[in-house]
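Letters go in sequence order (proteins before strands), and every chain restarts at 1.
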Protein chains: 2
Amino acid sequence: MKKSRKSTLTDLAKAIGMNVSTVSRALNDHPKISNKTKAKVKALAEKMDYKPNPLAQGLKKQDTKTIGVIFPTFDTNFFFRVLKGIEKVMHDKGYQIIISTAGNSAAQEKEACQALSSYHVGGIIIFLSYDHEDPSFLIDIQDEGIPLLFMDRIYEEIDANYVVSDDFKGMFETVSDFIDKGCKNIVHIKGSEEVSTSFSRLQGYQEALKEKGIEVNPDFIIKCEHESEVKSGLRNLLRKYTIEDIDLITCFNDYYAFQALELLKEKNISVPDDVSLLGFANDPLSTYTSPKLSTINQPAEHMGVQASYLLLDEMDKNRKGENYQYQTSMVNTFYLKRESTK
Amino acid sequence: MKKSRKSTLTDLAKAIGMNVSTVSRALNDHPKISNKTKAKVKALAEKMDYKPNPLAQGLKKQDTKTIGVIFPTFDTNFFFRVLKGIEKVMHDKGYQIIISTAGNSAAQEKEACQALSSYHVGGIIIFLSYDHEDPSFLIDIQDEGIPLLFMDRIYEEIDANYVVSDDFKGMFETVSDFIDKGCKNIVHIKGSEEVSTSFSRLQGYQEALKEKGIEVNPDFIIKCEHESEVKSGLRNLLRKYTIEDIDLITCFNDYYAFQALELLKEKNISVPDDVSLLGFANDPLSTYTSPKLSTINQPAEHMGVQASYLLLDEMDKNRKGENYQYQTSMVNTFYLKRESTK
DNA sequence: CTGTTAGCGCCTTCAG
DNA sequence: CTGAAGGCGCTAACAG
């Protein structure tokens, strides 16, 4: 380990026989530096392969050209796809991305936020996933001047930028369309109570039925905390009803739908001939099942891109001292027909 | 934006009427500080919610409690799974993870490395994916004292830690076993020339045949730069041969296998009754196909964990000035029978 | 055991 | 237009 050193501003200054501050200004295109010296300095910097030290810059300017991203877990592909979108624009703008996970507790979530804040990230994109008794730590972070952008879930109490997918609308419209096409008996396999999105998807389903004057049959709402409960839930349903009683099964997400599909296959029920099946999210896996899963597209990557732009915009306005108007960006979700629906 | 301030060492020192350095030492458990003052300082720190500024620490100590991870792209799930493993141990050890992608050029790859180095990350885990005319930038990074760990591919020229999966062995053993079970006519759908892993997987296939005294039929090696070429490749093969001529199709990865599966279905060829099909990697998708894909397991998450430990170990030894012996950790890959093979 | 001092690399007043 | 000096927050000699 030879510890070679990187050239610093001082090195440049010495080599060129100027003061550090002049060199610094030249590199930063300060208006009051002659073009000649600028050119000279820049040429030398190039030659000596000078790279400013972001740590020192950050210490001074309280701005590190980094942003933080906090996920709940690494379990669904959805997060990865969002990350891809974030990376795409942030990389373009010269920002580094620091990732963190909230693991499985509110405490860790808070910790992750504070860690990022202590690294003086320029902003944080977070999939907040716990209900905090005391969410003041989030406000604290905002007060430190670090913009917070919330993904996928809205907190009335906190004024900030939001990027959420309009799960309600996607489900509502899709179910409505199916009803128009003649479906009457529609099942919904509902996701975990802990996840806010499961609520809006359920709502979309319920409202569509109501609006079309179809009574919601409580038996037709199957609660599953986890995809592993889907099969037994569906089995129970099929004890009381036959598949002829059901036209369409809608699901909290694609993984749930896949479990449903497996059970239906086991029971020799053909999809979509005997019953239609609908997922949610458009996880890549949905193109790998057979039949290929019809689903409601949730544009993950686009959400990442959207979030990045919003965040950068807020950071920019903050820097300039302009005041900033928070936005909530609802990205559309829409029905994507493949093979599991008629 | 109210810009509340964080408490600093100086704040603490003032509040408690001691010198900054005493406070610093107390917090860092310096041996020559009385337990009484330590306790007092720590209590105050707690109360004032003091968090050290990692930027300042980093500037001083040249160590930022961060590590960098560089992926080629965000395309395969494999990377996400590895990342999960990395995150798990790094988070545990209090490290933040900065991610970067190499995008699609050697230049970007180099850039990403240098960016991370300028952030003074404690180490870098990289999936190097381009052949660089001049790989000296990698050596430079090592010379700066930043440990580099290469994933998934070995560079003879560079002395470093490596974590690779033993693709050759997994493929070799699996194909050998199939031959023992009576398979003779085995096809291999080969991956992109640009990817080193495609070579070792092919090798495993070829060597197994040779060792068992089976001549390698060049027609049976289908070259596909991308999974989108799989179907046409296979179609071509099936013009010259019938499915009775083939016992088993091995593939560069699970995505390739899935394409193959689709084509076989289109042709009404039943898997595994008419022909067996084998993927590689054990991507989550392989449990979602039907039949469920038999594959060769590449323990992605474990590789991430392994890499993290190796890297941390090197960082630790470096810090202590002990000399360090580089290691190459070969993680085993092995046959995972599901439904697509007999 | 604790205080003093210097400096990591950079930017930014304040003077020329 | 450029130089000198101070300081961001922290640590690490060097002195007591």
Is the distance from the ring center of A:Tyr155 to that of A:Phe150 below 6.0 Å?
yes
Atom [atom1] of [X] to atom [atom2] of [N]: distance rounded to whole Å?
X       : N      : atom1 : atom2 : result
B:Arg25 : D:dA13 : CZ    : C1'   : 10 Å
B:Asn28 : C:dT2  : CG    : P     : 15 Å
A:Asp63 : D:dC8  : CG    : P     : 18 Å
A:Asn35 : D:dC1  : CG    : C1'   : 12 Å
B:Leu55 : D:dT11 : CG    : C1'   : 15 Å
A:Lys61 : D:dG6  : NZ    : P     : 23 Å
A:His30 : C:dC14 : NE2   : P     : 14 Å
B:Leu27 : D:dT11 : CG    : P     : 8 Å

Does [X] put a side-chain nitrogen or oxygen below 4.0 Å from OP1 or OP2 of [N]?
X        : N     : result
B:Gln57  : D:dG9 : no
B:Ser24  : D:dG9 : no
A:Asn19  : D:dA4 : yes
A:Thr8   : C:dC8 : no
B:Asn53  : D:dC8 : no
B:Tyr119 : C:dG9 : no

Comparing nearest nucleotides in DNA chain C, the 5'-proximal residue of the pair A:Thr22, B:Thr37 is B:Thr37
Dump the intermediate steps for salt bridge (charged side-chain N to carboxylate O under 4.0 Å, His left out) on B:Lys317 and B:Asp313, then the final yes or no.
CA-CA 6 Å; B:Lys317 291 284 194 316; B:Asp313 194 38; 3.3 Å; yes
With rounding to the nearest 0.5 Å, note down the distance linking [atom1] in [X] to [atom2] in [Y].
X        : Y        : atom1 : atom2 : result
B:Gln306 : B:Tyr162 : CD    : OH    : 16.0 Å
A:Ser118 : B:Lys51  : OG    : NZ    : 8.0 Å
B:Ile99  : B:Glu87  : CD1   : CD    : 11.0 Å

D:dA4, C:dC8, D:dC10: which one has an atom nearest the side-chain heavy atoms of B:Leu59?
C:dC8
Give the nucleotide from the list D:dC14, C:dT12, D:dC10 with an atom nearest to the side chain of B:Ala56.
D:dC10
With hydrogens left out and only the distance checked, is there a donor-acceptor pair under 3.5 Å joining A:Lys60's side chain and the base of C:dG9?
no
Do B:Ser21 and C:dT4 share a donor-acceptor pair, side chain to base, under 3.5 Å?
yes
Tell me what A:Leu9 touches on the nucleic acid: a base, only sugar-phosphate, or nothing, going by heavy atoms under 4.0 Å.
sugar-phosphate
